[in-house]
Every structure is written in C-alpha cells, then in structure tokens.
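Everything numeric here is computed off the predicted structure, so don't read it as measured data.
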Amino acid sequence: HWFETRLVIDGVGTYGETDLFSISTSHQMFHGSPTIGSAVAGEIDVKMVYPQNVTIPTMAKLMPQVRVCNESQQSEWIAQGIYYIDTRERTKNNNGLNILTIHGYDAMLCAEQMYAGRITGNSTDIQMVNEIAYQMGVSVDARTTALMTNAYTIPLPTGYSYREVLGYIASMYVGCFIMSDEGKLRLVSLLELP
C-alpha cells in the first residue's frame, strides 16, 4: 500500500501530488521531554507549483488530506488539520518553474487575544473551554469533554489571553491544548498515555 496527499485551499482549489513538492505539519508538544500547561499552535509548510489564473486570499484556509491506497482500493480522504496562510513566497526553481512556498498556523493563534468573553464570574473548567472555543470560532473536540470531568473552578481571567487560560486549564489535567485534525480544540493529557 501507499499514501497519497492533497491540499485543499479553500475557495481556490485542490492540489494533488503532481502540484506538491513537499507538505509537512507539526505540533511541538514535546521539546525533548513531555511538557504540560501550554496551548500549542500547529504549523504547516508547503512547497508547490505556483497556481495559475487564481488568486489565493490573505489568510486562506489550508486543509491537507491523506488517503491510503493499494492496487485495487483507496480509503476516503482523511483530514490532517486546518491551517491559515501566514507567509508566502514566490520563487523559481532551476528549471524556471514558478514555486509557491507557504507557511501557516492553525486556529490556536486566534486565542492570542485578551479575555473578553461572555462569562463574567467564576465558571467551571469545561464552561471556560467552551467559551474560549466559541470566541475562537471553533468547536471543542469530544475527547476534551470526556477528559474534563473534575469541574475545577476558574476565576474570571481578567488580564489574561485566551491562550494563557487554556494553558492554565491544561496544566490541571497534566496536558496541553492543540487543534485536532478536524480543526477542533483538543486537550491531550499525559494521563491518557499507556
């Protein structure tokens, strides 16, 4: 069997392996050893043939996907995250072909704003996570809800960013927040590991 990759650029088109030179994603949750209490932004790097006759909008949504194939079958396309273009560069390779190099981040960077939510007093941890997800414009992953059962009290986070509050809550559950492959807010806890 083998894997096939494609990149969907929202509102622009779908680009397969003949258009892609390289594509990689990463979530730096571990820096040599496990870390807890953070809200990690995922990153994407793409190098592809420069698309002709289209305009890629600022902050365009990037959705990498993979599928498994063999000689007679192929799986459905499986999401590998949702990212947004941060920087792009147009160059030429040695053959004179126009190349587009893209670097982007996932929606975790939407949490880089000071708390200004609808909650105006103390709340439970899951209430605060749902509020932060709402403010970020994303959903909460069901695995997060299943993990967060302790109902810790969260004081009103005046003077803190949404991302700082997520890190604080993640530390209560010995974990980190990331964006899932479906673009949902997910708590990953070291307590989940075998």
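- Summarising the local packing, CZ of F21 is surrounded by more than 12 heavy atoms from other residues, nucleotides or ligands at distances under 6.0 Å.
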Practice task
Verify side-chain contact (heavy atoms from CB on, under 4.5 Å) between Y83 and I102, making sure each step is shown before the conclusion.
Solution key: CA-CA 11 Å; Y83 302 86; I102 298 171; over 6 Å; no
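- When atom types are taken as modelled, the side chain of Q73 and the backbone of N70 share no donor-acceptor pair closer than 3.5 angstrom.
- Taken from CZ in R143 to OG in S180, the straight-line distance is 6.0 Å, to the nearest 0.5 Å.
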Practice task
Could you give me the CA-CA distance, side-chain angles and deciding distance for E89 and I99, then say whether side-chain contact (heavy atoms from CB on, under 4.5 Å) is met?
Solution key: CA-CA 8 Å; E89 180 182 8; I99 305 297; over 6 Å; no
Exercise for the section: Verify side-chain contact (heavy atoms from CB on, under 4.5 Å) between I85 and M59, making sure each step is shown before the conclusion. Expected result: CA-CA 5 Å; I85 294 177; M59 297 268 312; 5.8 Å; no
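- Under a hydrophobic-cluster definition in which Ile, Leu, Val, Met, Phe, Trp and Tyr are linked whenever side-chain heavy atoms come within less than 4.5 Å, directly or via other members, M128 and V138 are assigned to the same cluster.
- Listed for the S75 side chain is a donor-acceptor partner under 3.5 Å among the backbone atoms of V68.
- A single hydrophobic cluster is seen to contain both I119 and Y152, as judged by linkage of ILVMFWY side chains at heavy-atom distances under 4.5 Å, directly or through other members.
- Looking at residues two or more places apart in sequence or on another chain, you find a side-chain contact (heavy atoms from CB on, under 4.5 Å) between S26 and Q28, E43.
- For the atom pair CE of M136 and CE of M179, the computed distance is 4.5 Å after rounding to the nearest 0.5 Å.
- Heavy-atom minimum distance, C69 versus Q74: SG-CB, 3.7 Å.
- Y173 approaches T149 most closely through the heavy-atom pair OH-N, 3.6 Å.
- Between the OG1 atom in T145 and the CD1 atom in I126 there is a gap of 4.0 Å [rounded to 0.5 Å].
- What you find for S38 and A170 is that their closest heavy atoms are O-CB, 4.0 Å.
- Under a hydrophobic-cluster definition in which Ile, Leu, Val, Met, Phe, Trp and Tyr are linked whenever side-chain heavy atoms come within less than 4.5 Å, directly or via other members, V40 and Y84 are assigned to different clusters.
- When Y162, Y168, Y160 are each tested for a ring-ring contact (aromatic ring centres under 6.0 Å, His included) with Y115, only one passes: Y162.
- Counting only residues at least two apart or in different chains, side-chain hydrogen bond (donor to acceptor under 3.5 Å, both in side chains) contacts with residues 50-66 comprise R6-Q65.
- Linking Ile, Leu, Val, Met, Phe, Trp and Tyr whenever their side-chain heavy atoms come within less than 4.5 Å puts V46 and I56 in one cluster.
- I36 is connected to V188 through a chain of hydrophobic side-chain contacts under 4.5 Å among Ile, Leu, Val, Met, Phe, Trp and Tyr, so both are in one cluster.
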When the side chains of residues 9-20 are checked against the rest of the protein, which donor-acceptor pairs come out under 3.5 Å, sequence neighbours left out?
unit_1: E17; atom_1: OE2; unit_2: T5; atom_2: N; d: 2.8
unit_1: D19; atom_1: OD2; unit_2: G16; atom_2: N; d: 3.4

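- Here CG of L100 is found 11.0 Å from NZ of K47. Values are rounded to the nearest 0.5 Å.
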Practice task
I would like to know whether Q80 and I23 meet side-chain contact (heavy atoms from CB on, under 4.5 Å); could you show each step before the answer?
Solution key: CA-CA 11 Å; Q80 297 297 300; I23 184 168; over 6 Å; no
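- What you find for A41 and D106 is that their closest heavy atoms are CA-OD1, 3.7 Å.
- Across L187 and T144, no two heavy atoms sit closer than the pair N-OG1, 2.8 Å.
- Sorted by first and then second residue, the salt bridge (Lys or Arg N to Asp or Glu O under 4.0 Å) pairs involving residues 65-76 (not counting sequence neighbours) are E4-R67.
- Considering only residues two or more places apart in sequence or on other chains, Y105 meets the ring-ring contact (aromatic ring centres under 6.0 Å, His included) condition with H103.
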Handout entry: S189 and E192: CA distance, side-chain angles, deciding distance, side chain to side chain donor-acceptor pair (under 3.5 Å) verdict
Key = CA-CA 6 Å; S189 174; E192 295 179 89; 5.2 Å; no
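- For E131, the salt bridge (charged side-chain N to carboxylate O under 4.0 Å, His left out) partners two or more places apart in sequence, or in a different chain, are R118.
- Proximity of a side-chain donor or acceptor of N93 to a complementary backbone N or O of N95 within less than 3.5 Å is detected.
- Nearest heavy atom pair, residue D125 against residue N150, reads OD2-C, 4.4 Å.
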